[in-house]
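Written below as structure tokens is the structure these notes are about.
Per chain, numbering begins at 1; letters A, B, ... match sequence-line order.
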Amino acid sequence: MGSIDGRRRAGVGSGIDYACPLDFTFNGRKLRGYKGDTLASALLANRIAVVGRSFKYHRPRGILSAGVEEPNALVRIGQDPRVEPVARATDVELYEGLVASSLNAWPSLRCDASAGLDLLHRFLPSGFYYKTFKWPKWDVHSTLIRRLAGLGKLPSQPDSDWYVKRNAWCDILVIGSGPAGLSAALASARKGASIILVEHQPELGGSALWRPGCVFGKDQAEWARSMAAELRTMPNVRSLTRTSAFGHYDDNLVAAVERISDHLEPPLRAGLPRQRLWKIQAAQVILATGAIERPLVFPNNDRPGIMLAGAVHEYLARYGIRAGDRAVIFTNNDSAYDTAFALKHAAGSTLVLDTRPRIHGELAEKAAAAGIDIKYDARILDVKGTPVKAVGFATGGVAATLDCDLIAVSAGWTPTLHLYSQAGGSLDFDDELQTFVPNRCPQAVRVAGAAAGIFDLEVCVNSGEAAAVGDDISPEPRQSGGVHAVPFIQERSDRQWIDFHNDVTLADVELSARENFVSVEHLKRYTTTGMAVDQGKTSNVNALLHLAAVTGRTPQQVGTTKFRPPYVPVTFGALAGQVVSERFHPLRRLFLHDLHVEEGAALTEMSGWLRPEYYSRSGETLDAAVRREVLAVRHNVGLFDSSPLGKIEICGEDAPLFLDRMFGTRASAMGIGEVRGCLATNDESVIIDDSHIARLSPNRYVIITTTAAGPTLASLSERLLQLEWPDLRVFITPVTTQWAMISLAGPRSRDVLGEADSGLPWAKLGYMRLWEGKVCDIPARIFQISFTGETAYEIMVPALAAAALWNRLREAGRAFGLEPFGLEALDTLRIEKGYIHVGVETDGATVPDDVRPGTADNDQDYLGQRSSRRSEGLRGGRLQLVGLISEDRQTKLPVGAEIASSWASPSEGHVTSSIQSPTLGYPVALAMLSDGRLRIGERLMLQHGDDSFSATVTAPCFYDPEGARL
Amino acid sequence: MKAQEAVQPLEIRRMPHCAKLLLRGRSGDENFVAAVEQLTGISPPRRANSSAGERPSLLWMSPTGWLLLGLPMSQIETITLGLRTRLQDRSGDAINVSDEYDHIVIEGPTSVDLMATCCPLDLSQNAFPQGSVARTLAVGVPVTAHRPNGESAIHLYVDRSHCHYANDALRAQAREFA
């Protein structure tokens, strides 16, 4: 077939629908492709040779490959707000109206303002930014360097797409649906196993869909389609096309991303999610991920018009595109001859430069029959033109130059083992293939086909079937003729590119070795080879081969870096799924949420709960509202929703003993209805909670914990019970959300409670007492404990009855000036009283004696008791809880301010909490201060940023130190 | 569901408040087992992640915990007091958790797919047949999942404080199946 639309369409590509033309734009230029094209194939067909600029030196770059390994053809797809900032043109399916533009070029691809950087390359080697630019100072240069760094431009609008996730489970997960993958999937499915088959391309079949050749006498593409058709009819098989497996984790968990609507023109995407993240757990994984061709390294080998030989073949066979009219093939192995034959057939003339002294056997005969011109013992010395116009080469020491517009290169194939390595698999260097092949994997992972270093088609198919049944298969024959190891040309190594994506040259590897970055992991970080979008798919092996050569080691000794997910770039949207905006993380709602909103509550998140911070009255500020609420509690009565406090029921004949061991508060000696406060500690005697324990019956207790510590304490109790004290008959049941808890606090709280329910047995109540019964006809537990410093009743009622109680108390409190109060007021009240907040006053080193003097004298044997006697806990100089009052009694001390005896002395503590006290009329603070209790009355300096303060040390309790109001 | 009614592809129903009682004890404790059998008519299932009975039913929650569902609310106190009296708060317990959990039912041909979007546990019929129970995560919050005997629907028991979030998030996930 002649050319179609006057461009490079040289034949009928197997994957192209010429009846369906698609218009698209590239850098503002209107172009046409066809259904089945990728953006890269459409650009090639339109003779677009230069598609972008390289990352560091802004060198012009063309399309190198035809798949996910593409390091050069990186483009921006779409327009705000739907933008893919960095996409590989080889991996973007063409659709009507697609808008693409080049990266890293300004103001235009042709006239890039930063192109001059290439002229300065001698001054910009790897790691230059680590050791130069010291004058006048680094910051001056770093601004410019950081501006130049990075690829692509983020969209200016929030992502308008939506993304979904799916978990899936199967007996066998097959990744890759080329010849080996198809045969593995079908063989497994026929045995009845549940199969998930993952394929990156839109259609099952992989390279079988376009490569010439026969499988057991059948045309390869026809064979692949019949296999795929059979798989589609099997109910135990789920085929996922347009899906890329990108991460292999423990327990054979494989993450993959499915492109649901990326390939559709925008109007057809309505109602569809963009992508789906799959998390697949498989009993057995079969990797049939194929292999990626490596480029050969020679001077100016990054010029547009130099492509991988396999890619040239694929563009011809699959997309019907002749990538060049005058092609030169440069190879060190047999596989590039397939490309030579195909090009010869399509273009008429093809020159092969082979690094080997001779080829033999069937291949030699076939080449001769096809009239392929072969130059042996060949080296490319230079490339002229951008894009390629001529190649300078030497054969047997004789130099020559040849005009050409395409150089197809092949240095052999690298098995795609990223997932295998992520799964923990180790790799071995294969001298014959000059690359790494799979060795041993600790997970249930088998490798088939080219990924296992098997390149013969029928052996690939057999290896897939063998993987399905768990048989080993001999990897022979691999690549017929093997791969000829080509020494790199020593001259002009700074113009010989190893990593096209990151502009890394042979010289950079040599520099890395000279700087003693000889570990392959260091090489990667020093030179950036193998980083970013392409993750070194075409560069890693060449880089480590050269590192081995310059350091005098074998490639096996050099090894590979540990591959990390993702194998291909994954959008943040796919990773997030629907866990965005208001569903970013689960927020717990109070049972009285709606009532609080009606009351004008300003809500805030605390310990995972959405809670009232304060109740605003007619546009009050936070400070004004807090002042009003605090004074209401101090002078009248306040109502607080303390439902999130942790509640744990402890029951069983050994409950008293268990609690004695857990807490240093002698729970076994408590009377029925008695409540005791205690600082819960871990086995290192570090405070983990400020709890209250109440005894309900001889063998039944309830613990009230702080909000954050409820789950922690329940889990610690259960762990101790199961692992340390399994002989104890105790049942620990968290009941935090079975019960709501409403706190009535203030000098009029008893009046309000009495007004709400006149039948309460007051004789059974009292400070640190618990009574169980009914309040306002609701089953309830009343704790007379206080978090505010005022008489308070913490009333527990079943969650669904909370609204009734709240409303009743609101009504009853109307005559007594009752005000609901929020977290800010509670915090103010507790600081005035000198009560600690665990995690604010305390940290991971605070022991009870630091905040509550005398607790170190407890001789009861409980968790953490032994640790409390360690010299570290008893030494002088420990941080102890104190109060601080600023010298002028007007300045509110900042939380976090460091405390010192003088400006010159080191820090001796820090401010933990600080308020403007509505009750006292001046600001007060709590602090942890070295030997604080011995320093009451001392005047100290405080520093916070550039601000300085002075304050006097006081006892931590600023209000009612005798506790008369409780 | 009546036969003539159209089958909804996916239904997410928040169920009315119902009685739930958490029984604590050891399955090897004959006194405890006998007391539970006598009070509920069901023997606590010993097999992990299983349930027994239909209405009422007992769900295995842990080696020492069973969730009793399907009781009339009026029986909560009777059973609680009965068990506590028999066991004297020594070798077992009954705790009313009716208000602690909200109850959501996922029903329809795509119910398993919906759960696969947000739950790391395989809740398909094969892996999670009738009578199965599991404590797991759905839409990021802890849930107890149950497929009752005689039903294909998946029942979720969600902490009440999380229920608003869970219900909202499940409906957002269901957009995919609309």
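Interatomic distance, A:W169 CH2 to B:N126 CG, rounded to the nearest 0.5 Å: 12.5 Å. Note that OG1 of B:T64 is 8.5 Å distant from CG of A:L721, once rounded to the nearest 0.5 Å. Atom CZ in B:R24 sits 7.5 Å away from atom CD1 in A:I732 (nearest 0.5 Å).
Heavy-atom distances place the backbone of A:H585, and not its side chain, under 4.5 Å from chain B. At a 4.5 Å heavy-atom cutoff, B:C163 makes no contact with chain A through either its backbone or its side chain. Of the two parts of A:W162, only the side chain, counted from C-beta on, holds a non-hydrogen atom closer than 4.5 Å to a non-hydrogen atom of chain B. Using a 4.5 Å cut-off between heavy atoms, A:W278 does not touch chain B at all. Interface remark: A:P779 contributes no atoms to any contact with chain B (heavy atom separation under 4.5 Å). Heavy atoms of A:L587 lying under 4.5 Å from chain B belong exclusively to its backbone. Residue A:I260: no heavy atom, backbone or side chain, is found under 4.5 Å from chain B. Residue A:S697 touches chain B through its side chain alone, counting heavy-atom pairs closer than 4.5 Å. For a residue to count as touching a neighbouring chain, one of its non-hydrogen atoms must lie under 4.5 Å from one of that chain's; by this rule A:K279 does not touch chain B.
Comparing B:P120, B:P63, B:G140, B:S124 by heavy-atom pairs within less than 4.5 Å of chain A, the highest count is held by B:P120. Note: B:L121 leads B:V139, B:L121, B:L114 in heavy-atom pairs under 4.5 Å with chain A. Note on A:R729, A:R583, A:E653, A:Q738: by heavy-atom pairs under 4.5 Å with chain B, the leading option is A:Q738. Taking A:A799, A:A801, A:P586 one by one and counting their heavy-atom pairs under 4.5 Å with chain B, the maximum is reached by A:P586.
Inter-residue side-chain proximity for A:T733 and B:L22 is flagged as met; some heavy-atom pair is nearer than 4.5 Å. Side-chain contact check for A:R166 versus B:D113: some heavy-atom pair is nearer than 4.5 Å.
Inspection of non-hydrogen atoms places B:D29 of residues 28-62 of chain B under 4.5 Å from chain A. Proximity to chain A among residues 67-101 of chain B is limited to B:R84, B:Q88, B:D89, B:R90, B:S91, B:G92, B:D93, B:I95, B:N96, B:V97, B:S98, B:D99, B:E100, judged by heavy-atom separations below 4.5 angstrom. Contact annotation for residues 142-159 of chain B against chain A (heavy-atom separation below 4.5 Å, listed by residue number): B:D159. Of all residues spanning residues 168-178 of chain B, those with a heavy atom less than 4.5 Å away from chain A's heavy atoms are B:D168, B:A169, B:A172, B:Q173, B:R175, B:E176, B:F177, arranged by number.
For the pair A:R589 (side chain) and B:Y165 (backbone), a donor-acceptor distance under 3.5 Å is absent.
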message = Please evaluate residues B:R160 and A:L800 with respect to the criterion side chain to side chain contact (heavy atoms under 4.5 Å, CB included), reporting the C-alpha separation (whole Å), side-chain torsions for both, the decisive distance (0.1 Å), and the verdict.
response = CA-CA 10 Å; B:R160 188 167 298 282; A:L800 293 181; 3.7 Å; yes
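Between A:F591 and B:S161, the shortest heavy-atom contact is CE2-N, 4.4 Å.
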